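What you see below is based on every heavy atom in this structure, not just the backbone, and it leaves out hydrogens, waters and symmetry mates. Remember, predicted model here, so these are calculated numbers, not experimental data.
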Amino acid sequence: MAEVAHQETHGFQTEVKQLLQLMIHSLYSNKEIFLRELISNAADAADKLRFNALSNDSLYENDGDLHVRLSVDQDAGTLTIRDNGIGMSRAQVIEHLGTIAKSGTKEFFSNLSGDQAKDSKLIGQFGVGFYSAFIVADKVTVRTRAAGAPADQGVEWVSEGEGEFTVADITKADRGTEIILHLRDDEKEFLNDWRLRSIVTKYSDHIEIPVKMWKDGTPESDGPDGEKIPAQPGEWEVVNKATALWTRDKSDISDDEYTEFYKHISHDFTDPLLWSHNKVEGKQEYTSLLYIPANAPFDLWNRDQKHGLKLYVQRVFIMDDAEQFMPTYLRFVKGLLDSNDLPLNVSREILQDSKATQAMRQGCTKRVLQMLERLAKNETEKYQGFWKEFGNVLKEGPAEDFANKDKIAGLLRFASTHEDSEAQTVSLADYVSRMKEGQEKIYYITADSYQAAKTSPHLEIFRKKGIEVLLMSDRIDEWLMSHLTEFEEKQFQSVTRGALDLGELDDEESKKAQEEAEKQVEGLTERVKKVLGDKVVEVKFTHRLTDSPACIVADEHGMTTQMIKLMQAAGQPVPEAKYHFEINPEHQLVKILADIQDEERFAQWTNVLYDQAALSEQGSLKEPATFVRNLNKLLADLAK
């Protein structure tokens, strides 16, 4: 028994207490995954030691045989998972075992519903690792010592998974970590040798680090021919294949093995959506195994959260989260790269400047986009599931990855006036295939919400002519469209910006009616401009409206209201924007306005129409009180 000294008691983070209670209940139906998680952590610890020992082989402490061992004590009712990996210091123990070092914790708990089935899925997205031990144990003891530290700098961590844990200094002769699970009375099945071996084979066969269990020896015995069969001593027997999964032939790897390996590297409890395993030969030789998750993690939008692939060089683990091999807009991709070309002592600086790195990044990006293209083409419903989870991240692509802009554009999905639904199901190829004869542009509108986009007065003429418009209401859409200018040689055109020319789609009769309407209110634009003055760039007649009297329109290359809101939300200084005021000469209110001779009343009407248009476009007004006062005066006059 290790000698214990300097013992301290600490309280768990509130979130950890909640999570422990939730896991014990919600994951009960799949409780055996605790062993997968603990073996996975132990294998990671061995990987990290191997990497650190590249520059300091004394960390091996004359023991380079890295492994994980499982052992049981029937009398004590304990299961022990022991590794000889990197180990932990006292500070690391308190940090890693007393807190959840993950972003998104608050959002995670706000999403809990009390429904065990739903909540267990959330846990899977959140990733819990070590804490899964409490699914089967009512007490957990962790003994660890960091590689290279003196024997008397061992640490013991003990908790019953309630409100607190104790940390004490111990003497530990060997490096690494042992986790002792004091199993609940109704969980003694995990003391059974066959049960443990079957779990290891099921979940951890793919791990490169050997997972060993004790195999009892056999005494000397008589053979069938009377010859003596010598005694076999007991030994630690390797239970898993202990071969790096990605180095095996694809034909030898089952879907279940691919799925379990994904869970090992991602700590996600749910199955991946799809994956791609490739060996590349030529100028650069490397193997990639890339997964697309089924669910978005909670930290997807946290820019500070590390992302990237696991990097191996000649099967030696080098680093987690090697972000150089995957662009930011594909940060949801999990997986690994194993290169034969990078040096074993690879550093981040070398990675950033290496031509080999750039080639591998391009290759991995291309592979992921091809996976998504196949999914979108062959399994529409599955792709919609992917889009719902990761669509907004993919929309960052055209700005970041010019070389693959067309491929990314083909993967985008939008709501549109063709479908009476806010579901984003329309591809740009769908839109182009439905374009009217004579239509040269892809029309779209950005707004604060789907409803605001759908009911915008800017859509009136398009509805009248049966022209489809893409309805964009995600915050990133304005940014996306500033980088996406065309698709299949068709230019994009915002219906709220610049002059709208639908001349090719107008018949002669419509053009004559428009000219006649403008004649009837001749001189009105000059009078309105005089009233509004510097508030607008210009005032002109428009035929883009059918039911509304007026609208405001941004310059062709000016800032739209959505871009202004986006910049303001990001804390960016925004210059004062001025718009074109367009009035509909065919609308009854505009005809009434043209007939008003009283200049004061004319000014009131003009300001009300302008504020109405601004309210419809922007969702708010700078001076709402002035608008209300002008409107009330007009209502009072009309009531006389």
Task: side-chain hydrogen bond (donor to acceptor under 3.5 Å, both in side chains) involving Asn192 - partner list, sequence neighbours excluded - done: none
Any [X] side-chain heavy atom under 4.5 Å of [Y] side chain:
X: Pro210; Y: Trp236; value: no
X: Thr287; Y: Lys279; value: yes
X: Leu289; Y: Ile265; value: no
X: Ser473; Y: Leu471; value: no
X: Thr247; Y: Glu208; value: no
X: Leu330; Y: Leu394; value: yes
X: Met326; Y: Val368; value: yes
X: Leu309; Y: Leu336; value: no

Within the distance-only criterion (no hydrogens, no angle test), does the side chain of [X] pair as donor or acceptor with the backbone N or O of [Y] below 3.5 angstrom?
X: Gln424; Y: Trp387; answer: no
X: Thr177; Y: Gly87; answer: no
X: Arg361; Y: Gln324; answer: yes
X: Arg331; Y: Thr328; answer: yes
X: Asn404; Y: Gln362; answer: no
X: Ser288; Y: Leu290; answer: no
X: Arg36; Y: His264; answer: no
X: Asn84; Y: Asp63; answer: no
X: Arg69; Y: Lys212; answer: no
X: Glu400; Y: Tyr329; answer: yes

- [ ] Could you list the residues that satisfy salt bridge (Lys or Arg N to Asp or Glu O under 4.0 Å) with Glu419, not counting sequence neighbours?
- [x] none
Task: side chain to side chain contact (heavy atoms under 4.5 Å, CB included) assessment of Ser71 paired with Arg82 - done: CA-CA 8 Å; Ser71 54; Arg82 179 183 288 106; 3.9 Å; yes
Task: Exceeds 12 heavy-atom contacts within 6.0 angstrom, atom CD of Gln491 - done: yes
Open item on the list: Surrounding NZ of Lys215 (heavy atoms of other residues, nucleotides or ligands, distance under 6.0 Å), is the total greater than 12?
Closed with: no
Distance check, rounded to the nearest 0.5 Å: [X] atom [atom1] versus [Y] atom [atom2]?
X: Asp44; Y: Leu49; atom1: CG; atom2: CG; value: 12.5 Å
X: Leu470; Y: Ser427; atom1: CG; atom2: OG; value: 9.5 Å
X: Lys334; Y: Tyr291; atom1: NZ; atom2: OH; value: 13.0 Å
X: Asn295; Y: Lys388; atom1: CG; atom2: NZ; value: 10.5 Å
X: Arg475; Y: Asp448; atom1: CZ; atom2: CG; value: 10.0 Å
X: Lys250; Y: Ile253; atom1: NZ; atom2: CD1; value: 9.0 Å

Indicate the ring-plane relationship of [X] and [Y], choosing parallel, tilted or perpendicular according to the 30° and 60° boundaries.
X: Phe134; Y: Phe130; value: perpendicular
X: Tyr258; Y: His277; value: perpendicular
X: Phe190; Y: Phe34; value: perpendicular

TODO: Could you give me the CA-CA distance, side-chain angles and deciding distance for Asp268 and Tyr262, then say whether side chain to side chain contact (heavy atoms under 4.5 Å, CB included) is met?
DONE: CA-CA 8 Å; Asp268 184 352; Tyr262 164 75; 2.7 Å; yes
Salt-bridged, [X] to [Y], with N to O below 4.0 Å?
X: Lys241; Y: Asp252; value: no
X: Lys454; Y: Asp420; value: yes
X: Lys263; Y: Asp271; value: yes
X: Asp430; Y: Arg434; value: no

Open item on the list: Applying side chain to side chain contact (heavy atoms under 4.5 Å, CB included), can you list everything that pairs with Lys202, at least two apart in sequence or on another chain?
Closed with: Glu32
Listed pairs under 3.5 Å, donor-acceptor, residues 370-382 side chains, sequence neighbours left out:
unit_1, atom_1, unit_2, atom_2, d
Asn378, ND2, Arg374, O, 3.3

- [ ] For side chain to side chain contact (heavy atoms under 4.5 Å, CB included), just list the numbers for Met472 and Lys395, CA-CA rounded to whole Å, side-chain angles, deciding distance to a tenth of an Å, and then say yes or no.
- [x] CA-CA 12 Å; Met472 304 185 187; Lys395 285 179 180 179; over 6 Å; no
Task: Criterion side chain to side chain contact (heavy atoms under 4.5 Å, CB included) on Ser339 and Met360, from CA distance to verdict - done: CA-CA 9 Å; Ser339 169; Met360 289 161 71; 3.7 Å; yes
Is the ring centre of [X] less than 6.0 Å from the ring centre of [Y]?
X: Tyr312; Y: Trp246; result: yes
X: Phe386; Y: Tyr383; result: yes
X: Tyr431; Y: Phe414; result: no

Open item on the list: If the condition is ring-ring contact (aromatic ring centres under 6.0 Å, His included), which residues does His67 pass it with, not counting sequence neighbours?
Closed with: none
Open item on the list: Which residues pass the ring-ring contact (aromatic ring centres under 6.0 Å, His included) test with Phe487, not counting sequence neighbours?
Closed with: none
Open item on the list: Is it true that Thr446 and Glu478 share a donor-acceptor pair across their side chains at a distance under 3.5 Å?
Closed with: yes
Task: Worked check of side-chain hydrogen bond (donor to acceptor under 3.5 Å, both in side chains) between Thr80 and Glu178 - done: CA-CA 7 Å; Thr80 300; Glu178 61 182 50; over 6 Å; no
